[in-house]
Amino acid sequence: MRNVTLLQQNYCDMSNFADHRFDVVFGIETLVHCTDKSPALREVHRVLKPGGVFVTYDYALSDKFETFGPAEQKAIALISKGGAAALIESVAEWEELFVANGFAIDIRTDLSKEVLPDLKRLERRAATHVMDHPMRAKIMFRTLPRQFVSNIILGYLGYGSDAEGIITYKEWILKPV
């Protein structure tokens, strides 16, 4: 395609790009991994042209963490850790961050149903290959790198959390104001 450049960049430091450089910036399951999202959002805002858009896809809690019971909070913490994320924010918290960092929410789409088949596959694989075999699971959790086994837990808990409406998957189309 003409006039299209794909770049991979650290959101928190895009100092090598001039202000108002891009028409569109995409973030696909990336912001959830930032412990401090405001610097990243400010940088995206800075490099977008007037009238540009920031399109981001990410996981969010359906409500604030504190509103869930102890079992759900434990699952959310494990999913967050398994996904190498800070504690996942609620939809309301995400949207407060967007607005606080100079964005207007143009479109919000819930894509939770669309990701359920993939999450179900991950759950099945985690269950059949690890969780349903206690001895295998014990050996794996003791010997494999922490991030690898955390991903197993994420895969095991992700489908149920999405299917139960605890975690949602959103697309936000944001415009700088």
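Note: hydrogens, waters and symmetry copies are ignored here, and every other heavy atom, side chains too, is used.
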Original post:
So, does His129 use its side chain to make a donor-acceptor pair with the main chain of Arg124 at under 3.5 Å?
Top reply: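 Side chain of His129 to backbone of Arg124: no pair is present.
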Original post:
Backbone N or O of Met14 within a donor-acceptor pair of the Arg46 side chain at under 3.5 Å?
Top reply: yes
Is any side-chain heavy atom of [X] closer than 4.5 Å to a side-chain heavy atom of [Y]?
X      : Y      : answer
Ser90  : Glu93  : yes
Tyr59  : Glu29  : yes
Glu95  : Arg108 : yes
Asp23  : Leu48  : no
Leu174 : Asp106 : no
Leu154 : Leu78  : no
Phe68  : Ser62  : yes
Ile88  : Phe65  : no

For [X] versus [Y], what's the shortest heavy-atom pair and its separation?
X      : Y      : result
His133 : Thr128 : NE2-O, 2.9 Å
Ala137 : Val130 : CB-O, 3.6 Å
Ser112 : Asp162 : CB-OD1, 3.3 Å
Tyr159 : Leu119 : CB-O, 3.6 Å
Ala40  : Cys34  : CB-SG, 4.3 Å
Gly155 : Ala126 : C-CB, 4.3 Å

Consider only side-chain N and O atoms of [X] and [Y], and report whether a donor and an acceptor are under 3.5 Å apart.
X     : Y      : result
Ser38 : Asn101 : yes
Thr56 : Asp58  : no
Tyr57 : Glu171 : yes

Interatomic spacing from [atom1] in [X] to [atom2] in [Y] - rounded to 0.5 Å:
X     : Y      : atom1 : atom2 : result
Asp63 : Thr168 : CG    : OG1   : 10.5 Å
Asp36 : Leu97  : CG    : CG    : 9.0 Å
Ser80 : Leu61  : OG    : CG    : 6.5 Å
Ile76 : Leu157 : CD1   : CG    : 10.5 Å
Asn16 : Asn10  : CG    : CG    : 10.0 Å

Original post:
Do the rings of Phe103 and His45 sit parallel, tilted or perpendicular, given the 30° and 60° boundaries?
Top reply: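 Answer is perpendicular, since the angle exceeds 60°.
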Joint cluster assignment, [X] & [Y], ILVMFWY side-chain distance < 4.5 Å:
X      : Y      : answer
Val177 : Val44  : no
Met135 : Met140 : no
Leu41  : Phe17  : yes
Val24  : Phe54  : yes
Trp172 : Val99  : no

Original post:
Does atom CD of Glu114 have more than 12 heavy-atom neighbours, drawn from other residues, nucleotides or ligands, at distances under 6.0 Å?
Top reply: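 It does: Glu114 CD has more than 12 such atoms within range.
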Subject >> Atom NZ of Lys120 with >12 non-hydrogen neighbours under 6.0 angstrom >> reply: yes
Original post:
Given Val47 and Val25, is the side-chain contact (heavy atoms from CB on, under 4.5 Å) satisfied, shown in steps?
Top reply: CA-CA 9 Å; Val47 300; Val25 173; 4.3 Å; yes
**OP:** Among Lys64, Lys37, Lys170, find the residue that satisfies the salt bridge (charged side-chain N to carboxylate O under 4.0 Å, His left out) test when tested with Glu89.
**Re:** Lys37
